[in-house]
Amino acid sequence: MRTPVFAANWKMHKSGLDAVAWVREFEALTKDLGAEAVDVIVAPPFTAIAAAVEASHGSGIAIAGQNLHFERQGAFTGEVSAEMLKAAGAEFVIIGHSERRQLFGETDDSVQRKVTAAHAAGLIPIVCVGETLDERERGDTLTVLDRQVRAGLDGCTGDRIAALILAYEPVWAIGTGKNATAAEAGEAHTHLRRRLREWFGGVHADRCRIVYGGSVKPDNIQQLIGLEDVDGGLVGGASLNADSFVSIVQKATAQQAR
Ligand code: PEP
């Protein structure tokens, strides 16, 4: 049984003060709920990580970086290493987000190096994969996912596959308000699980959490979380407001409890 996980990707939004306010609101909204069997991760901008870590002590929220550099240190102006994220209190890190791939030249090779660096520093990667609209329309979705997973996770042991989070994020659904249908998400998630089984073994693949990302909102989460291989969500826009993020988590856990 995999514990569902929901990660909030704040992208380039929110200061440290905003992060503290969000965590306080999250706590107020969830205080009467009892211990839900769900993991919650928040990925603030680098500058808000320390404040988010401090504010989230005892809240059940874990903090993630949104990116890292694969080198440990050096002359890389503007970059942050895995060790630096770890020292700031992050436990997870998003790697290979489509905005990094499309806007900042991230490649399958750099994803692989970042996954290795994250593991070396004791961070758990949230590795994003997903096809563009062109690739989907050409019928290449599963081929693209195969390439991204095979290259990005190359060198990972089975234990590391079991612990990491794989995020299926169709690029055409991110920030567009247009989510994948249950059939589209189901096909991709089932395919990813099958490939993880083939490449890393069934025991490890069955423990790995595969989450969906792409315009997740309170009104569409239930159709997605009901799918067998969807273990949670990576939420961008709808996570900026604690109320809508909590609503997504609550609706998902209610659906899973059925
Ligand atoms: C994301 O940033 O990973 C994402 C899925 O964004 P949105 O929910 O806004 O589509």
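Everything numeric here is computed off the predicted structure, so don't read it as measured data. Whatever order the structure lists ligands and atoms in, that order sets their numbers, starting from 1.
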Legend entry - Geometric class of the F245/F6 ring pair [parallel <30°, tilted 30-60°, perpendicular >60°]: perpendicular
Inset, instruction - Kindly tell me which protein residues have any non-hydrogen atom under 4.0 angstrom away from an atom of ligand 1, grouped by chain and ordered by number? - result: N9, K11, H97, E169, A173, I174, G175, G213, G214, S215, L234, V235, G236, G237
Inset, instruction - May I ask you to decide if the ring planes of Y168 and H189 are parallel, tilted or perpendicular, using 30° and 60° as cut-offs? - result: perpendicular
Legend entry - Student check: side-chain heavy atoms of C156 and H119 closer than 4.5 Å: yes
Legend entry - Sequence-distant partners of H69, ring pair (Phe, Tyr, Trp, His ring centres under 6.0 Å), two or more places apart: F76
Inset, instruction - Please lay out, stage by stage, how E106 and K114 fare under the test salt bridge (charged side-chain N to carboxylate O under 4.0 Å, His left out). - result: CA-CA 10 Å; E106 190 91 88; K114 290 181 181 196; 3.1 Å; yes
Legend entry - Non-hydrogen atoms of E71 and S81 that approach each other most closely: O-CB, 3.4 Å
